[in-house]
Amino acid sequence: MDRHVQEIIADLKSYLEYLREMGIESVPISEERPREAFLNSSLIPPMPPTLEEVRKELGDCRRCKLHRTRRTLVFGEGNKKATLMIIGEGPGYEEDVQGKPFVGRAGQLLTKILESIHLQRGEVYITNIIKCRPPQNRNPEPDEIQNCYPFLLKQIHAIQPQIICALGTFAAQTLLKTDAKITTLCGKFYEFTL
Ligand code: SF4
């Protein structure tokens with residue numbers, strides 16, 4: 001098993017075990033969520049967009065160089081009003097081929113880990129920091145994250161999850177706006193506001 005997969009599994013296991021220790025055994029799905037405005041932001045409109053609107057705005061995105069090498073733009077999938085949102089780093093080979101997030105080996109393990117806390121994949125929303133696969137699965141570069149991140153924020157705004165689970169170094173560092181090592185970030189709760 002490669003290091004990337006091991007890191008993802010270790011992060012998620014640690015996070016979910018922490019939730020269980022906090023007494024959270026399951027995550028309820030809500031059909032209707034309040035549509036109140038989030039905090040004002042230059043990137044985020046006051047009223048939440050729908051995921052369909054975010055996807056339409058992203059379009060056949062060519063905002064960074066990854067569009068040249070991707071096969072498929074992997075937007076994300078799952079419950080549009082999920083309580084738990086899972087955010088990874090970026091699509092890998094299988095994701096690029098299938099156009100879906102976390103469908104490779106790491107994805108199969110993610111499904112099993114979710115099931116171990118009585119969650120089905122369809123109950124959560126899964127996406128990545130960047131939507132296109134970097135060549136040879138290299139790390140995302142700053143300009144790529146910078147171009148893609150506004151659309152992740154809009155996805156979060158649309159879904160309004162109560163819990164965001166960041167998988168891996170780039171997801172955690174980007175969401176928390178920090179350069180801190182994953183070993184110091186892992187297994188803790190942080191406030192996240194748009
Ligand atoms: S990674 Fe994001 S910003 Fe870059 S081309 Fe893909 S969708 Fe556009």
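Just follow the structure's listing: the first ligand is 1, and inside any ligand the first atom is 1. What you see is a predicted model, and the numbers here were worked out from it, not measured in a lab. Each residue takes its place number in the sequence, starting with 1.
- With sequence neighbours excluded, the residues that form a side-chain contact (heavy atoms from CB on, under 4.5 Å) with Cys61 are Leu58, Arg63, Arg70, Leu73.
- A donor-acceptor pair under 3.5 Å is formed between the side chain of Thr111 and the backbone N or O of Gly107.
- Around atom NZ of Lys181, no more than 12 heavy atoms belonging to other residues, nucleotides or ligands sit under 6.0 Å away.
- Considering only residues two or more places apart in sequence or on other chains, Gln120 meets the side-chain hydrogen bond (donor to acceptor under 3.5 Å, both in side chains) condition with none of them.
- Protein nitrogen, oxygen and sulfur atoms, that is N, O or S, within less than 2.8 Å of atom 6 (Fe) of ligand 1 amount to 1.
- At a threshold of 4.0 Å, the pair Arg105-Glu94 does not count as salt-bridged, since none of the basic side-chain nitrogens sits closer than that to a carboxylate oxygen.
- Scored by the side-chain contact (heavy atoms from CB on, under 4.5 Å) test, Val74 finds Pro91, Glu95, Pro101 as partners (sequence neighbours excluded).
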